[in-house]
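Taking it in order: structure first as structure tokens, then the write-up.
Worth knowing before you read on, the calculation uses all heavy atoms, side chains too, and leaves out hydrogens, waters and symmetry mates. Here is how names work: the chains are called A, B, and so on, in the same order as the sequence lines, proteins then strands, and each is numbered from 1.
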There are 2 protein chains.
Amino acid sequence: MKTTRNTTAKSAILELIKNSEVALSHAEIQKMNQELCDRVTIYRILDRLVNEDVIHKIATPDGTIKYAACNHNPHEHHQHIHNHVHFSCEKCHSVTCLDAVKPSYTIPENYLVKEVNFTLSGLCPACVESISK
Amino acid sequence: MKTTRNTTAKSAILELIKNSEVALSHAEIQKMNQELCDRVTIYRILDRLVNEDVIHKIATPDGTIKYAACNHNPHEHHQHIHNHVHFSCEKCHSVTCLDAVKPSYTIPENYLVKEVNFTLSGLCPACVESISK
DNA sequence: TTTTAAATGCAACCTTGTTGCGTTTTATTT
DNA sequence: AAATAAAACGCAACAAGGTTGCATTTAAAA
């Protein structure tokens with residue numbers, strides 16, 4: 001089995017993502033990181049963190065890829081379907097994990113469902129505030 | 001108000017999308033279209049069709065943008081929330097609208113929800129078939 | 001038929017993501 | 001502590017996806 005190593009850049013990027021309220025894109029991480037490592041290295045680190053299941057990948061409604069720390073419930077450790085609910089703000093483009101919202105749905109026949117991606121979009125609380133003034 | 005015109009290229013592209021079982025990406029439309037019009041024109045036509053609310057845009061879990069014809073229910077003509085449920089196959093990369101699946105969820109507080117994007121992914125019926133053999 | 005603004009083609013450009021390769025670094029083994 | 005092997009890195013080059021400006025063409029209203 002391929003081993004994976006902890007490097008300065010990897011730890012720094014993971015901290016950034018963990019400490020962020022919202023999901024971050026490659027471009028955002030790059031800006032927050034300027035001198036730490038190369039653009040290409042960020043791509044490779046993000047891929048590794050996703051494979052290690054430490055962070056997860058989210059596609060926003062406009063196709064931008066963002067990353068957020070996984071919030072695994074220790075009691076459902078071996079659950080097979082990732083059930084991510086996100087909110088994507090169309091004004092400030094922030095993406096937040098909504099752990100409180102639990103969708104229910106009927107599984108379509110003949111399909112094999114492996115992942116569920118549920119994204120609500122509109123205005124986040126901060127943007128609702130700023131508009132109503 | 002800005003008027004919009006019906007051109008040969010626009011009609012052809014709309015027909016392609018309407019006649020397709022699955023949602024189509026810009027690249028796919030371009031291939032099916034070869035000589036009809038320029039790459040850039042396809043982008044502009046897709047934007048117009050989306051603005052006119054004739055087709056809708058879907059981001060697959062890997063961030064690819066696809067387009068499908070809108071299937072408006074005439075009885076809920078003025079509904080404000082678009083409720084799109086899609087299935088994205090991780091093997092053949094097809095994206096299908098699942099009109100039969102109706103998710104339910106609780107609206108998160110303080111957020112203004114304008115759109116709902118619910119994408120299931122895994123294997124589509126055809127790919128489930130081909131694998132089990 | 002004339003007119004005018006929308007739509008198009010083309011060239012140039014930017015952003016985002018990928019690949020190959022030689023060098024550096026981590027962490028295991030001696 | 002030194003040697004070692006593979007993982008991680010930087011850099012350059014490339015490819016795909018998407019945008020912009022501008023001169024030309026075309027749809028449709030006057």
Side-chain angles (χ1 to χ4, degrees), chain A residues 1-17 22-68 88 90 92-95, chain B residues 1-17 22-68 88 90 92-95:
Chain A
M1 156 192 159
K2 262 200 167 185
T3 65
T4 174
R5 294 176 185 172
N6 288 320
T7 62
T8 327
K10 187 182 165 191
S11 310
I13 288 176
L14 181 55
E15 280 314 296
L16 275 183
I17 297 174
V22 296
L24 299 175
S25 67
H26 174 275
E28 287 161 345
I29 292 171
Q30 200 183 335
K31 261 178 214 148
M32 297 166 81
N33 236 335
Q34 298 295 13
E35 300 293 299
L36 178 65
C37 68
D38 193 73
R39 208 170 66 85
V40 178
T41 303
I42 299 179
Y43 280 113
R44 299 200 258 229
I45 288 174
L46 290 173
D47 282 350
R48 257 181 288 152
L49 290 172
V50 168
N51 283 332
E52 291 166 20
D53 209 33
V54 181
I55 63 175
H56 64 268
K57 212 172 169 172
I58 311 156
T60 68
D62 68 327
T64 310
I65 301 292
K66 302 229 171 182
Y67 299 87
S88 172
E90 63 186 29
C92 71
H93 299 108
S94 67
V95 172
Chain B
M1 155 192 159
K2 262 200 167 185
T3 66
T4 172
R5 294 177 184 173
N6 287 320
T7 61
T8 329
K10 187 184 166 191
S11 310
I13 288 175
L14 180 55
E15 279 313 296
L16 275 184
I17 296 175
V22 296
L24 300 175
S25 66
H26 173 276
E28 287 161 345
I29 292 170
Q30 200 182 335
K31 261 178 213 149
M32 298 164 81
N33 235 337
Q34 297 296 10
E35 301 294 297
L36 179 64
C37 68
D38 194 71
R39 207 170 67 87
V40 178
T41 303
I42 299 179
Y43 280 113
R44 300 200 258 228
I45 287 175
L46 290 172
D47 281 351
R48 258 182 287 153
L49 289 172
V50 168
N51 284 332
E52 292 166 19
D53 208 33
V54 180
I55 63 175
H56 64 268
K57 211 172 169 173
I58 311 156
T60 67
D62 67 328
T64 309
I65 300 293
K66 302 230 172 182
Y67 299 88
S88 173
E90 64 186 29
C92 71
H93 299 107
S94 67
V95 172

Rounded to whole Å, please give me the gap between [atom1] in [X] and [atom2] in [N].
{"X": "A:Ile45", "N": "D:dA8", "atom1": "CD1", "atom2": "C1'", "answer": "8 Å"}
{"X": "B:Glu35", "N": "C:dG9", "atom1": "CD", "atom2": "P", "answer": "11 Å"}
{"X": "A:Asp47", "N": "C:dT16", "atom1": "CG", "atom2": "P", "answer": "16 Å"}
{"X": "B:Tyr43", "N": "C:dC13", "atom1": "OH", "atom2": "C1'", "answer": "14 Å"}
{"X": "B:Asp62", "N": "C:dT18", "atom1": "CG", "atom2": "P", "answer": "10 Å"}
{"X": "B:Ile29", "N": "D:dG18", "atom1": "CD1", "atom2": "P", "answer": "11 Å"}
{"X": "A:Ile42", "N": "C:dT18", "atom1": "CD1", "atom2": "C1'", "answer": "15 Å"}
{"X": "B:Asn33", "N": "C:dG9", "atom1": "CG", "atom2": "P", "answer": "10 Å"}

Next item on the list: Kindly say if B:Thr3 contacts the phosphate of C:dA6, meaning a side-chain N or O under 4.0 Å from OP1 or OP2.
Entry: no
Notebook entry, point to check: OP1 or OP2 of D:dG21 less than 4.0 angstrom from a side-chain nitrogen or oxygen of B:Arg44, does that happen here?
Noted result: no
Atom [atom1] in [X], atom [atom2] in [Y]: separation rounded to 0.5 Å?
{"X": "A:Ile55", "Y": "A:Tyr67", "atom1": "CD1", "atom2": "OH", "value": "6.5 Å"}
{"X": "B:Asp47", "Y": "B:Glu52", "atom1": "CG", "atom2": "CD", "value": "11.0 Å"}
{"X": "A:Ile17", "Y": "A:His56", "atom1": "CD1", "atom2": "NE2", "value": "10.5 Å"}
{"X": "A:Ile29", "Y": "A:Ile45", "atom1": "CD1", "atom2": "CD1", "value": "9.5 Å"}
{"X": "A:Thr41", "Y": "A:Leu46", "atom1": "OG1", "atom2": "CG", "value": "10.5 Å"}
{"X": "A:Ile13", "Y": "A:Cys37", "atom1": "CD1", "atom2": "SG", "value": "4.5 Å"}

Next item on the list: Using the closest heavy atom to pick a nucleotide of DNA chain C for each, name whichever of A:Thr64 or B:Cys37 lands nearer the 5' end.
Entry: B:Cys37
Check: Which atoms form the tightest heavy-atom contact between A:Pro61 and B:Ala59, and what is the distance?
Finding: O-CB, 3.6 Å
Next item on the list: Would you name the heavy atoms of B:Thr64 and B:Ser25 that are closest together and state the gap between them?
Entry: CG2-CB, 4.4 Å
Item checked: Partners meeting side-chain contact (heavy atoms from CB on, under 4.5 Å) with B:Arg44 (sequence neighbours left out) -> B:Val40
Note to self: For the helix from C:dT1-D:dA30 to C:dT30-D:dA1, what angle separates the axis at the start from the axis at the finish, each from five pairs, in steps of 10°?
What the structure shows: 30°
Next item on the list: With the side chain counted from C-beta on, respond yes when B:Ile42 and B:Leu36 share a heavy-atom pair under 4.5 Å apart, and no when they do not.
Entry: no
Checklist line | Student check: side-chain heavy atoms of B:Thr60 and B:His93 closer than 4.5 Å | finding: no
Next item on the list: Please tell me which of A:Arg48 and B:Ile65 maps to the more 5' nucleotide of DNA chain D, matching each residue to the nucleotide holding its nearest heavy atom.
Entry: A:Arg48
Notebook entry, point to check: Which residues in residues 9-17 of chain A have at least one heavy atom lying under 4.0 Å from any atom of DNA chain D?
Noted result: A:Ala9
Checklist line | Verdict with reasoning, A:Thr4 to A:Lys10, per side chain to side chain contact (heavy atoms under 4.5 Å, CB included) | finding: CA-CA 11 Å; A:Thr4 174; A:Lys10 187 182 165 191; 3.4 Å; yes
Could you pull out the protein-nucleic contacts involving nucleotides 12-15 of chain D (nitrogen or oxygen on both sides, under 3.5 Å)?
none

Notebook entry, point to check: Tell me, for nucleotides 23-30 of chain D in 5' to 3' order, what letter each nucleotide earns: B for a base near a protein heavy atom under 4.0 Å, S for only sugar-phosphate near one, - for neither?
Noted result: ---BBS--
Item checked: Sequence neighbours excluded - salt bridge (Lys or Arg N to Asp or Glu O under 4.0 Å) pairs with any residue from residues 22-39 of chain A -> A:Glu28-A:Lys66
